Protein chains: 2
Amino acid sequence: MTKKQLIMEKALELFAKQGFEATSVQQITDHCGISKGAFYLSFKSKDELIVALIDHFMRQFNADIDFVVSEGKKEDLLYNFYYTTFHSFSKHSDFAKLLMKEPTQSFNEELFSKLHNYNKSLENVILSMIERLYGEQSKDLKYDLSYCIKGFMSTYSELFLVYKLPIDLDLLVRSLVEKTNLLAKNMTISFIPDELIQMLDQPLNKEPSLEQIIETVSKNIEDMEDSIEKESLMLLKQELLEPALHPAIIKGLLANIQHHPHCKWPAYLLRKHFGK
Amino acid sequence: MTKKQLIMEKALELFAKQGFEATSVQQITDHCGISKGAFYLSFKSKDELIVALIDHFMRQFNADIDFVVSEGKKEDLLYNFYYTTFHSFSKHSDFAKLLMKEPTQSFNEELFSKLHNYNKSLENVILSMIERLYGEQSKDLKYDLSYCIKGFMSTYSELFLVYKLPIDLDLLVRSLVEKTNLLAKNMTISFIPDELIQMLDQPLNKEPSLEQIIETVSKNIEDMEDSIEKESLMLLKQELLEPALHPAIIKGLLANIQHHPHCKWPAYLLRKHFGK
DNA sequence: TTGACAATTGACCGGCTAGTCATTAGTATA
DNA sequence: TATACTAATGACTAGCCGGTCAATTGTCAA
């Protein structure tokens, strides 16, 4: 594990307990067993640390969800979506807590727009799921439905994040699937119209450029140990620079990296880019 | 306006913008146009200020909701509940933002249990509403239903609290009433059983004693300007010490203070105590 | 006008903060 | 072993924090 990863891991524990503002760099370095100077070899500032944390987990989370929603049978879609969501929340509960603690209008502008963009990205995934599930029927109600889903996600996660209750994940998910289907099939009053959503979208949410994808992939490769996954990622990077491989090979390479814990974000970007 | 109220008002503006930790006493006093020393004449510490803020607004909010839910016709109940909730949120949007910003596991232990208790109190109001509305039918599903309602409240309030969108309150409330009724009448899978709720309740939520009510009322009287409301409250306090008045008179006095902005909490306590 | 008292101030305290950098420790090569 | 390099340290700075309190100002009855 690199020093950077160590710091992120230990800092996250403290942030989840005390919040970002209330946690000092000194506390973090003490908790890591390193000196204060060493911290600033890995991160330019305390702000850069929290940005890195949020990027790391949100990319992974979004990528996970996106994968689940784009694959699989229609009848399992909703179940898999909720399951993956809550599974992710409980697996990375420290991060989920941090995210609940440092919410809207966060301290610095960059972070706020970052969180906003990840939120938008999640919303898009949910919307595409809704369209796949309910099609035309949900046209006017899709935003309301996505807000309900987000509401379920946040209130029910409180049970195990804040109160640390042991939960039956399967039952929870089945109960939410039922609620969601009930709403989708019987709702008639639409509150959130297209225009309202467009008002939130003024600050554009642009697609990442080819250069950005290459940069992301390159950085990722540097941080990886030698492995099949690293080889696959390097070949895919080559393919970004000079397309040459057969689609089937690309698909195989993507499959290779899909489940590697440190490849979720590049895998997501590459899958989008290659149109798989 | 007393100095205390000035500080609370101005501090709340800053807390909503920057959060509690990130706002210094110096900033607050500058914003008020007073000296730092003057702050400590009104509050023993910065912590005491946030406790006072939370008490002030949560008491008022809970009292408002409780009143709406205990009065009125059954068919308007749900509508009035949501309407009052969102009306309160938008009227006191700074406080609502603060509440979203400083959530679970808050800095000091006292504050956390305070928030927890207010949350429980709100939940009880919602539960009693559910029972009145759906009766036996909702027996196993009442906790799930209350969680859904809380979910709707938090996600939909984001629209105007964070994104400051102009909203059609009536339409919003009607759409939520529809959703709630749909779930109440068609849900079958119960996820949150009694036992789970009992696990959260270990730290008892005791009823306030007569002494506590008298103390609260007395303090409230001190802070009030001379008025019919103050007279009414003083008579009710006398009634607490030595019961003498006719029930009809008590009911009238309660009605007098019900809508005075600084009497919400004592009115709530007194209504409970006198069983109206 | 005086004197007694309450309200208000802001310089000050010890302690903690984010961030820096000269110094030292560790390591790999020649 | 000597050299050249990087990795890591922690004392240090400047500044802000919550909180205190002696000194000042304002108020009002005598």
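In what follows, chains carry the letters A, B, and so on, assigned in the order in which the sequence lines appear, proteins first and then strands, with residues in each chain numbered from 1. Just so you know, these numbers come straight off a predicted model, no measurement behind them.
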Asks: Tell me every residue that passes salt bridge (Lys or Arg N to Asp or Glu O under 4.0 Å) with A/Lys150, counting only those two or more places apart in sequence or in another chain.
Replies: A/Glu123

Asks: Among all residues two or more places apart in sequence or in another chain, which pass the side chain to side chain donor-acceptor pair (under 3.5 Å) test with A/Gln26?
Replies: A/Asp30

Asks: Tell me whether the OP1 or OP2 atom of C/dA7 has a side-chain N or O from B/Lys3 closer than 4.0 Å.
Replies: no

Asks: Holding to side chain to side chain donor-acceptor pair (under 3.5 Å), I want the full list of residues that pass it with A/Ser90, two or more places apart in sequence or in another chain.
Replies: none

Asks: Can you list the residues that meet the side chain to side chain donor-acceptor pair (under 3.5 Å) rule with B/Asn119, with sequence neighbours excluded?
Replies: none

Asks: By ring-ring contact (aromatic ring centres under 6.0 Å, His included), which residues pair with A/Phe89, not counting sequence neighbours?
Replies: A/Phe61

Asks: How would you list, by chain and number, every residue that makes a side chain to side chain donor-acceptor pair (under 3.5 Å) with A/Lys114, sequence neighbours excluded?
Replies: A/Asp55

Asks: List in chain and number order the residues that pass ring-ring contact (aromatic ring centres under 6.0 Å, His included) with A/Phe152, two or more places apart in sequence or in another chain; answer none if no residue qualifies.
Replies: none

Asks: Short question: side chain of B/Lys10, backbone of B/Gly33 - any donor-acceptor pair under 3.5 Å?
Replies: no

Asks: Between which nucleotides of DNA chain D, 5' to 3', does chain A make heavy-atom contacts below 4.0 Å?
Replies: D/dA8 to D/dG10

Asks: Once each nucleotide of nucleotides 17-23 of chain C is scored for protein heavy atoms under 4.0 Å, what B/S/- sequence comes out, 5' to 3'?
Replies: SBBBB--

Asks: Who passes ring-ring contact (aromatic ring centres under 6.0 Å, His included) against B/Tyr40, sequence neighbours left out?
Replies: none

Asks: Specify the angle, to 10°, made by the local axes at the two ends of the helix from C/dT1-D/dA30 to C/dA30-D/dT1 when five pairs are taken at each end.
Replies: 10°

Asks: What pairs with B/Tyr118 under ring-ring contact (aromatic ring centres under 6.0 Å, His included), at least two apart in sequence or on another chain?
Replies: none

